[in-house]
There are 2 protein chains.
Amino acid sequence: MIANPDRAQKPIGKPCDTPGRDAGNCPVRDVIDRIAGKWSTLILEALAKRPYRFGELRRLVPDISQRMLTQTLRDLQRDGYIDREVFPTKPPSVEYRMTDLGRSLFEPLSKVLQWAGDNHALVRAAREKYDQSELA
Amino acid sequence: MIANPDRAQKPIGKPCDTPGRDAGNCPVRDVIDRIAGKWSTLILEALAKRPYRFGELRRLVPDISQRMLTQTLRDLQRDGYIDREVFPTKPPSVEYRMTDLGRSLFEPLSKVLQWAGDNHALVRAAREKYDQSELA
DNA sequence: CAGCATCCCAAGTGATACTG
DNA sequence: CAGTATCACTTGGGATGCTG
């Protein structure tokens, strides 16, 4: 919709011409809602660097639960951002690596992460200012 | 952390040197988790175009509830991405507009939204492929 | 018009225990 | 090692009704 100016005045979030479908079927939201999860960006960021095994990822993101790590990896795999390779060793080991689609996504995504790191202080300041004016 | 290679091997999500604080205090996550909300990007996308009043935003995002629109606007305002101006007319009207900080954020963010729109089909295809292989 | 307050349900998430 | 299963809890978010 960003690339489609003549639609900009129409309802956002529903650029589809498919009124029969559910409300949540905006293509952009369909994609964004997935990578917007609490842990998705952290995992993508890790795997953008190099492949990792399950346990390594767990150590890289210390406060993620085993449950959420598994689930996030499955979701990212399902959407085609990462691949999962099982090595039938004993005990088994599993390696996760980013796909081409994942790298394609991470290119613009990393810019946002970069922005967040760079401008964190400004956001914090805005928050404090807002909270100050609120306790009046 | 992306811009800080020598920290890339340390735990992601906790690049702070402040162990006393809570786990969720990674700067990047602190910022990202806010704009990752279900409605934040939609509102930002609308206000990136031009200022809007409350009711206009409501019409632009038809399936948002009044409650969530208010809450999302407050959150975005608190983080400094948008401004809120009250016109003491009768009945009152309130206008929301993007701040410089908001525009600064939206620049990289819009690239991700663009990507989502462009690659939606690929993601859908990946999902179907995954789901197919799963029902074995 | 632009909210706030309340209720309530569904989804997300963590903790724990168990397994090939 | 890399999961799966279950439960309990917290949070998100919709519906409704009321207000300046």
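As rounded to whole Å, 16 Å separates atom C1' of dA8(D) from atom CE of Met68(A). Spacing between atom CZ of Arg34(B) and atom P of dG12(D) amounts to 10 Å, rounded to whole angstrom units. At whole-Å resolution of the value, CG in Leu73(A) and C1' in dG3(D) are 11 Å apart. Spacing between atom CZ of Arg58(A) and atom P of dG3(D) amounts to 11 Å, rounded to whole angstrom units. We find that CZ of Phe87(B) is positioned 11 Å from P of dA2(C), with the value rounded to whole Å. Rounded to a whole Å, the CZ atom of Arg74(B) is 9 Å from the C1' atom of dA2(C). Distance CG (Leu69(B)) to C1' (dA15(D)): 16 Å, rounded to an integer number of Å. Look at CD on Gln66(B): it is 19 Å from P on dG12(D), rounded to the nearest Å.
Under 4.0 angstrom from either OP1 or OP2 of dA2(D) there lies no side-chain N or O belonging to Arg84(A). Note on Lys38(A): every side-chain N or O is 4.0 Å or more away from OP1 and OP2 of dA11(C). Distances shorter than 4.0 Å separate none of the side-chain N or O atoms of Arg67(B) from OP1 or OP2 on dG12(D). An OP1 or OP2 oxygen of dC1(D) is reached within less than 4.0 angstrom by no side-chain nitrogen or oxygen of Arg59(A). For dC1(D), the OP1/OP2 oxygens have no side-chain nitrogen or oxygen of Tyr96(A) closer than 4.0 Å.
When only modelled atom types and interatomic distance are considered, Gln71(A) and Asp75(A) share no side-chain donor-acceptor pair under 3.5 Å.
Gln71(B) comes within contact range of no nucleotide atom at all, as no heavy-atom separation falls under 4.0 Å.
Taking the nucleotide of DNA chain C with the nearest heavy atom to each of Pro92(A) and Ser93(B), the more 5' of the two is matched to Ser93(B).
One N or O on the side chain of Arg103(A) and one on the backbone of Ala48(A) form a donor-acceptor pair closer than 3.5 Å. Using a distance-only test at 3.5 Å, with no hydrogens or angles considered, no donor-acceptor pair links the side chain of Ser104(A) to the main chain of Asp100(A).
At most 12 heavy atoms of other shown residues, nucleotides or ligands fall within 6.0 angstrom of atom CD in Glu107(A).
Checking dC1(D), dC1(C), dG3(D) against every side-chain atom of Arg53(B), the shortest atom distance belongs to dC1(C). Comparing dG20(C), dG14(C), dG3(D) by their closest approach to the side chain of Trp39(A) singles out dG14(C). The side chain of Thr70(B) has dC4(C) as its nearest neighbour among dC4(C), dT4(D), dG14(D).
Between Arg127(A) and Asp30(B) there is a salt bridge, since at least one side-chain N of the basic residue sits less than 4.0 Å from a carboxylate O of the acidic one.
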